[in-house]
Amino acid sequence: MEFKIENKDRGSAARSGILKTSHGEIQTPIFMPVGTVGSVKGIYHRDLTNEVKAEIILGNTYHLYLRPGLEIIKSAGGLHKFSSWDGPILTDSGGYQVFSLAENRKLKEEGAEFKSHIDGSKHFFTPENVVDIQRILGSDIMMALDECTPYPSDYNYAKKSMELTHRWLERGIEQFKKTQPLYGHRQTFFPIVQGSTYTDLRKISAETIAKHDAEGNAIGGLSVGEPEEDMYEMLEVVTNILPLEKPRYLMGVGTPVNILEAIALGVDMFDCVMPTRNGRNGMLFTSEGIINIKNQKWKNDFSPIDENGITFVDKTYSKSYLRHLFVAGEMLGAQIASLHNLGFYLWLVKEARKKIEENNFSEWKNRMVQKLSNRL
RNA sequence: GGGGAGAUACCAAAGUGGCCAACUGGGGCAGACUGUAAAUCUGUUGUCGUACGACUUCGGAGGUUCGAAUCCUCCUCUCCCCA
């Protein structure tokens, strides 16, 4: 994998770049739609490519390992072929499930023991076998196994958790070096910074991660309930330490405002379930603010969903009609909202990229941030 | 014509002397959602008040009782069965 920074913003740490993978180039900053089980919920790949202009999507190790299982994905020739997505794929390691399925797992030095949420069966994830699994998935970017530390965590827990993540990282890197891609294309491996909301821990973690000189670095354990100011503070600490010339990936973030603020701090890659999940639940993100399309106020509004939207649904369907679909519980409503939101998220990062190239990112960002939180 | 059942909030439906402004579900209204156990979850839904609370409600009119959605009388309406 190759990363080249193209432009740097004058008023902030924002930068634009190009990330080259075996499945295509990614223009950063970029938002990566989440397709946990090999599907960006409710969206055809065709629309992901042609409408949303997605350049890379996510898959999840834990979920794909449980279902359909590695045998099937291996037989299919990897996740790209299995799901018919020939663009880049990043797979999360299951580290987030260590956090989100906390009640169903036990953390040990060797790894994390999971009780499947599907059938209760037991499974053991280690820093090593998570690499092996991602080799089978064939993702372009593989993630290290980490513990996504919950918020709030007391200092001692956060420190121990971070240190475990660091030890796991050593093992993951070893395994990564010992193994080869299975399908003839390149794969890379991103380590993850932890450290909860403690400045000194974040600093230690970022330094530790930086030493490994990976092709890209991720920042995890944020947007798990902490105040946004804390997140930005941690980001600033971490982005000042991680190597400038390597892409930075902020995991699981976030709201449109979060993304712009993080871009300003020098983050290049983002993923979040928000555009799809919140879309399914009737929330639309637009350049003018947030719409809860289920609200009564849209009942008689026959204007397009989003005049400025980039996808075909934005001008094809009216707010009134979309509201009707949600009220009626029609799945088309969830699909339209998801497509719109993803289109908006991709528009947002592409616009940010444009502004960085034009050297007026900060000013634009400040103006956008004002509008993005509006409730329409 | 004869016999029976019933009428409760937007709808359906529980409650059959005080713990009832009234279970529950639907519908309505609003909120939440950040590396997806989510096409999910939460709140609210008589009026007024931020709240403690106050006031008006269970087909209608009377009555019994300290107290009635609940018991009695009459009335109105609906449904079912038989002819």
Task: A/Arg277 side-chain N/O to B/U34 phosphate OP1/OP2 under 4.0 Å - done: yes

Task: Pi-cation contact, A/Phe326 with A/Arg323 (under 6.0 Å, within 45°) - done: no

Open item on the list: Whether the A/His45 and A/Asp86 side chains hold a donor-acceptor pair (N or O, under 3.5 Å, no angle test) is what I'd like checked.
Closed with: no

TODO: Mind calculating the distance between NZ (A/Lys41) and P (B/A39) to the nearest angstrom?
DONE: 6 Å

Open item on the list: Give me the distance, rounded to whole Å, that separates B/G59 from B/G49 when you measure between the C1' atoms they each carry.
Closed with: 31 Å

Task: Distance-only donor-acceptor test (3.5 Å): side chain A/Asn292, base B/G31 - done: no

Open item on the list: When you compare the side chains of A/His117 and A/Tyr62, does any donor N or O come within less than 3.5 Å of an acceptor on the partner?
Closed with: yes

Task: C1' spacing across the pair B/U45 / B/C11, given as an integer number of angstrom - done: 13 Å

TODO: Could you let me know what B/A14 is paired to, Watson-Crick or G-U wobble, both distances under 3.5 Å, or none if it's on its own?
DONE: none

Task: B/A9 to B/U50 separation - C1' atoms, rounded to the nearest Å - done: 25 Å

Task: Any-strand Watson-Crick or G-U partner of B/A54, both distances under 3.5 Å - done: B/U47

Open item on the list: For a quick check under 3.5 Å, do A/Asn60 and A/Gln97 share a side-chain donor-acceptor pair by atom type?
Closed with: yes

Open item on the list: Expressed as a whole number of angstroms, how long is the span from A/His117:NE2 to B/A38:C1'?
Closed with: 11 Å

Open item on the list: Check this one for me: any side-chain N or O of A/Gln97 less than 4.0 Å away from OP1 or OP2 of B/A37?
Closed with: yes

Open item on the list: Taking only the C1' atom of each, what is the distance from B/U70 to B/U16 in whole angstrom?
Closed with: 4 Å

- [ ] On the 0 to 90° scale, with breaks at 30° and 60°, tag the A/Tyr155-A/Tyr198 ring pair as parallel, tilted or perpendicular.
- [x] perpendicular

Open item on the list: For B/U76, give the paired nucleotide (Watson-Crick: N1-N3 plus N6-O4 or O6-N4; G-U: N1-O2 and O6-N3; both under 3.5 Å), or none.
Closed with: B/A7

Open item on the list: With a 4.0 Å cutoff (strictly under), does any side-chain N or O of A/Arg323 reach OP1 or OP2 of B/C29?
Closed with: yes

- [ ] Please state how far atom CD in A/Glu228 lies from atom P in B/C33, giving the value in whole angstrom units.
- [x] 10 Å

TODO: Return no unless some side-chain N or O of A/Arg375 is found under 4.0 Å from OP1 or OP2 of B/A30.
DONE: no

- [ ] Compare side-chain N and O positions of A/Ser223 against OP1 and OP2 of B/G35 and report whether any pair is under 4.0 Å apart.
- [x] no

Task: Who pairs with B/C20 - Watson-Crick or G-U, where each distance is under 3.5 Å - done: none

- [ ] Give the nucleotide from the list B/A30, B/A37, B/U40 with an atom nearest to the side chain of A/His63.
- [x] B/A37

Task: A/Arg135 and A/Gln187 side chains, donor-acceptor separation under 3.5 Å - done: yes

Open item on the list: Using side-chain heavy atoms (C-beta onward) and a distance below 4.5 Å, is A/Glu229 in contact with A/Glu233?
Closed with: no

TODO: In whole angstrom, give the distance that lies between atom NZ of A/Lys297 and atom C1' of B/A30.
DONE: 12 Å

Open item on the list: I'd like the C1' distance from B/A61 over to B/C55, given in whole Å.
Closed with: 23 Å

Open item on the list: Nearest whole Å is fine: how far is B/A37 P from A/Tyr96 OH?
Closed with: 7 Å

Task: OP1 or OP2 of B/A38 under 4.0 Å from side-chain N/O of A/Asn281 - done: no

Open item on the list: Counting only side-chain nitrogens and oxygens, does A/Asn104 get under 4.0 Å of the OP1 or OP2 atom of B/A37?
Closed with: no

TODO: Sort out the partner of B/C33 for me: Watson-Crick or G-U wobble, both distances under 3.5 Å, none otherwise.
DONE: none

TODO: Any strand is fair game: report the nucleotide pairing with B/C71 by Watson-Crick or G-U wobble, both distances under 3.5 Å, or none.
DONE: B/G63

TODO: Would you kindly give the CH2-to-C1' distance between A/Trp168 and B/G35, to the nearest whole Å?
DONE: 15 Å

TODO: Take atom NZ of A/Lys294 and atom C1' of B/G27, then tell me their distance rounded to the nearest Å.
DONE: 14 Å

